[in-house]
Amino acid sequence: MEPKLALFKDHVTTALGVDLPRVETKHLLMAAIGLEGIGGLLFIFGNTMGAYLLLIFLASVTPIMHDFYNYDISSKEYTIEFINFLKNMSLFGALLFYVGMKNSIYKRSRRGKAKAS
């Protein structure tokens, strides 16, 4: 993960002109594992906070780990990374849909109780 993280930092520094703070890779890995683990468990039990944690995980990890933009379009690595990137984006969209539906069901049930009173 170190080389991919270094490459990502170089891209961000070049594009934005701002240096990112030095963070040890093991701390980033612990945060990612925590987000994915706790988020997954909460999501399994139907808690919306789990979906939010998984959204943060996917948004932060996907561009770093699946860096298809660093490969030549005709290479096999490009295809593999691009497919994995799109897979993660589809999971991101599904989580957004879940959160939206969960919120609309909650609002709809509250509206129905208010009219019945």
Side-chain angles (χ1 to χ4, degrees):
M1 187 168 149
E2 288 258 357
K4 289 194 176 210
L5 188 60
L7 199 55
F8 180 75
K9 283 183 180 180
D10 289 342
H11 280 300
V12 170
T13 302
T14 304
L16 301 178
V18 178
D19 285 336
L20 294 176
R22 170 107 171 91
V23 180
E24 289 194 39
T25 307
K26 66 180 178 182
H27 294 134
L28 291 175
L29 283 172
M30 286 189 300
I33 291 169
L35 280 172
E36 189 177 21
I38 294 169
L41 286 174
L42 290 174
F43 184 72
I44 287 171
F45 293 115
N47 192 329
T48 309
M49 182 56 72
Y52 285 120
L53 292 175
L54 289 173
L55 283 168
I56 293 168
F57 169 77
L58 284 172
S60 59
V61 168
T62 299
I64 297 171
M65 293 306 296
H66 302 298
D67 57 343
F68 65 93
Y69 43 84
N70 289 323
Y71 298 99
D72 184 35
I73 289 180
S74 60
S75 69
K76 184 178 179 182
E77 291 86 10
Y78 175 86
T79 306
I80 292 169
E81 292 299 336
F82 190 64
I83 288 171
N84 285 326
F85 180 84
L86 291 177
K87 176 194 60 117
N88 280 8
M89 288 296 99
S90 66
L91 290 172
F92 191 85
L95 285 169
L96 285 176
F97 180 77
Y98 173 81
V99 168
M101 290 303 293
K102 193 89 166 177
N103 288 336
S104 70
I105 290 171
Y106 175 72
K107 288 178 183 177
R108 205 175 307 145
S109 68
R110 285 188 58 199
R111 193 179 317 143
K113 289 179 183 177
K115 287 182 182 179
S117 297

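For Tyr69 and His11, the gap between ring centers is short of 6.0 Å. Here Tyr71 and Tyr78 keep their ring centres 6.0 angstrom or further from each other.
Pairing each heavy atom of Val61 with each of Ala32, the nearest pair is CG2-CB, 4.3 Å. Asp72 approaches Ser74 most closely through the heavy-atom pair OD2-OG, 2.7 Å. Of all heavy-atom pairs between Tyr98 and Gly46, the closest is OH-O, 3.5 Å.
Hydrophobic clustering of Ile, Leu, Val, Met, Phe, Trp and Tyr side chains at less than 4.5 Å, counting indirect connections, keeps Met101 apart from Phe45. Side-chain heavy atoms closer than 4.5 Å link hydrophobic residues (I, L, V, M, F, W, Y) into clusters, and following such links, possibly through other members, connects Met49 to Phe57. No continuous path of ILVMFWY side-chain contacts below 4.5 Å connects Phe68 to Ile80, so the two sit in separate hydrophobic clusters. Following chains of ILVMFWY side-chain contacts shorter than 4.5 Å, one can reach Leu42 starting from Leu96, so the two form part of one hydrophobic cluster.
With values rounded to the nearest 0.5 angstrom, Leu91 atom CG is found 9.0 Å from Met89 atom CE. Of the inter-residue distances, the one linking Leu35 atom CG with Met30 atom CE reads 12.5 Å to the nearest 0.5 angstrom. Here the straight-line distance linking atom CG of Leu95 with atom CG of Leu53 works out to 10.5 Å at 0.5 Å rounding. Between Met65 atom CE and Leu5 atom CG the span is 9.5 Å, to the nearest 0.5 Å. Rounded to the nearest 0.5 Å, atoms CG (Leu54) and CD (Glu36) are 7.0 Å apart. Atom OG1 of residue Thr79 and atom CG of residue Asn84 lie 11.0 Å apart, to the nearest 0.5 angstrom.
Side chains of Tyr52 and Thr48 form a contact here, defined as non-hydrogen atoms less than 4.5 Å apart. At least one side-chain heavy atom of Phe85 sits less than 4.5 Å from a side-chain heavy atom of Thr62.
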Val18 and Val12: side chain to side chain contact (heavy atoms under 4.5 Å, CB included), yes or no, with the steps? CA-CA 7 Å; Val18 178; Val12 170; over 6 Å; no
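The number of heavy-atom neighbours closer than 6.0 Å to CE of Met1, taken from other residues, nucleotides and ligands shown, is above 12. Summarising the local packing, CD1 of Ile73 is surrounded by 12 or fewer heavy atoms from other residues, nucleotides or ligands at distances under 6.0 Å.
Judged purely by atom type and a 3.5 angstrom limit, Lys102 has no side-chain atom pairing as donor or acceptor with the backbone of Asn47.
Pairs passing the salt bridge (charged side-chain N to carboxylate O under 4.0 Å, His left out) check and including a residue from residues 3-20, sequence neighbours excluded, read Lys4-Asp67, Lys4-Glu81.
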